[in-house]
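See below for the structure under consideration.
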Amino acid sequence: MVNSWYMNSNDEEDQRSPRHLSPPKYVSLDELKEKTGVLYWKIDADNYEKEGKFAKIREERGYNYSDLLECCPQKLDNYFQKLKSFFTEHIHSDEEIRFVIEGSGYFDVRDIDDKWIRVLVEKGDLLALPAGIYHRFTLDETDYIKVIRLFCGEPVWTPINRPAEEHPSRKAYVES
């Protein structure tokens, strides 16, 4: 089951740390969906090709393009600089869909009150962030994740940094 919580925004703290409030304030899967529109599925990462659940979700949601990304200091040039760029708050004009095959990391998403919720993604987690949601990503302290990135149609890689209130995807997200 997905593990998520309201986080502190202490910029002095390592972005890869859990950043729990004191005391921690956890967010249930239902609350996460209600307050952000984020969708979540648990899939057997070792048998996803045989199991069928992954293929069914892809078909139902129209995810017809995928690629594989391995993110760690040994595989990604300028790793720490890239990690900082992933952590810049932004939106996308399309959904952001990630299926974790190995490793772990954090997606931070803004709720309806503009507060940060940190979502721990681990092996077997499939997460879909709606178009227009303010978010960012970082690895955790293990510094390793391997994901399948999914898209509907041609992938759009362009992050649109905050503020982006006038962007059509942001307007549509806020209205929904």
Side-chain angles (χ1 to χ4, degrees), residues 2-22 24 27 32 36-40 43 45 48 63 65-111 113-170 173-174:
V2 72
N3 194 357
S4 58
W5 55 88
Y6 281 99
M7 64 179 285
N8 74 49
S9 297
N10 179 0
D11 288 334
E12 301 300 314
E13 193 173 342
D14 185 343
Q15 71 187 47
R16 299 169 302 156
S17 70
R19 294 187 170 200
H20 282 284
L21 295 174
S22 182
V27 177
L32 182 65
T36 65
V38 170
L39 302 177
Y40 170 85
I43 296 173
Y48 70 92
Y63 303 149
Y65 176 90
S66 67
D67 67 4
L68 192 63
L69 175 67
E70 197 168 13
C71 189
C72 62
Q74 299 78 15
K75 301 273 184 171
L76 197 59
D77 292 336
N78 301 315
Y79 172 75
F80 288 103
Q81 187 171 351
K82 290 223 171 113
L83 198 59
K84 285 197 181 299
S85 73
F86 297 160
F87 202 61
T88 300
E89 186 174 2
H90 62 279
I91 65 171
H92 294 287
S93 56
D94 296 312
E95 281 186 321
E96 181 163 335
I97 309 101
R98 301 293 183 264
F99 175 41
V100 182
I101 302 298
E102 295 175 14
S104 53
Y106 298 116
F107 275 97
D108 298 338
V109 294
R110 293 279 189 177
D111 76 358
D113 297 317
D114 208 34
K115 293 181 181 171
W116 282 117
I117 296 175
R118 176 152 275 193
V119 181
L120 172 64
V121 290
E122 301 175 293
K123 182 177 181 176
D125 291 340
L126 173 62
L127 205 65
L129 307 181
I133 188 173
Y134 283 120
H135 68 282
R136 60 190 184 189
F137 174 78
T138 189
L139 290 174
D140 59 16
E141 293 160 336
T142 64
D143 283 322
Y144 180 77
I145 197 166
K146 185 176 185 180
V147 297
I148 295 176
R149 301 184 293 185
L150 299 166
F151 299 90
C152 295
E154 288 295 313
V156 178
W157 305 104
T158 309
I160 304 152
N161 291 344
R162 190 171 191 167
E165 299 306 315
E166 297 305 312
H167 192 274
S169 67
R170 179 66 185 166
Y173 173 76
V174 170

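No side-chain donor-acceptor contact under 3.5 Å links T138 to the backbone of F87. The backbone N or O of H92 sits less than 3.5 Å from a side-chain atom of S169, completing a donor-acceptor pair.
Partners of P163 by side-chain contact (heavy atoms from CB on, under 4.5 Å), not counting sequence neighbours: none found. Listed by chain and residue number, nothing satisfies the side-chain hydrogen bond (donor to acceptor under 3.5 Å, both in side chains) test with N3 (two or more places apart in sequence, or in another chain). Qualifying side-chain contact (heavy atoms from CB on, under 4.5 Å) partners for F86, counting only residues two or more places apart in sequence or in other chains: C71, L76, K82, L83, F137. With sequence neighbours excluded, the residues forming a ring pair (Phe, Tyr, Trp, His ring centres under 6.0 Å) with H20 are W5, Y26, listed by chain and number. Applying the side-chain contact (heavy atoms from CB on, under 4.5 Å) rule to D94 yields the partners V156; only residues at least two apart in sequence or on another chain are considered. Every residue two or more places apart in sequence or in another chain was checked for a side-chain hydrogen bond (donor to acceptor under 3.5 Å, both in side chains) with R19, and none qualifies. With sequence neighbours excluded, the residues forming a side-chain hydrogen bond (donor to acceptor under 3.5 Å, both in side chains) with Y144 are E70, E102, listed by chain and number. For Y65, the ring pair (Phe, Tyr, Trp, His ring centres under 6.0 Å) partners are F151, not counting sequence neighbours. For N10, the side-chain contact (heavy atoms from CB on, under 4.5 Å) partners are N8, E12, E13, not counting sequence neighbours. Applying the side-chain hydrogen bond (donor to acceptor under 3.5 Å, both in side chains) test to E95 and every residue at least two apart in sequence or in another chain returns R61, Y63.
Interatomic distance, I145 CD1 to C72 SG, rounded to the nearest 0.5 Å: 11.0 Å.
Within the 4.5 Å cutoff, no side-chain heavy atoms of I133 are placed close to those of F107.
For the side-chain hydrogen bond (donor to acceptor under 3.5 Å, both in side chains) test with H135, the passing option among R110, R162, E96 is E96; the others fail.
A donor atom on one side chain and an acceptor atom on the other are found under 3.5 Å apart for Y6 and D111. For the residue pair T88/H90, the side-chain donor-acceptor check at 3.5 Å is not satisfied.
Ion pairing between R16 and D14 holds under the 4.0 Å rule for side-chain N and carboxylate O. A salt bridge links R118 with D108; the closest basic N to acidic carboxylate O contact falls under 4.0 Å.
Contact detail for A45 and V100: the closest heavy-atom pair is CB-O, 3.9 Å.
Annotation: side-chain hydrogen bond (donor to acceptor under 3.5 Å, both in side chains) contacts involving residues 145-154, sequence neighbours excluded, comprise D67-R149.
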Show me the side-chain donor-acceptor pairs of residues 121-131 shorter than 3.5 Å, one per line, residues at least two apart or across chains.
unit_1 : atom_1 : unit_2 : atom_2 : d
K123   : NZ     : D46    : OD1    : 2.9
K123   : NZ     : D46    : OD2    : 3.4
D125   : OD1    : Y40    : OH     : 2.6
D125   : OD1    : K42    : NZ     : 3.2
D125   : OD2    : E122   : N      : 2.8

(request) Take Y173 and T36 through the side-chain contact (heavy atoms from CB on, under 4.5 Å) test and state the conclusion after the steps. (result) CA-CA 9 Å; Y173 173 76; T36 65; 4.2 Å; yes
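Counting non-hydrogen atoms of other residues, nucleotides and ligands closer than 6.0 Å to CD of E141 gives a total above 12.
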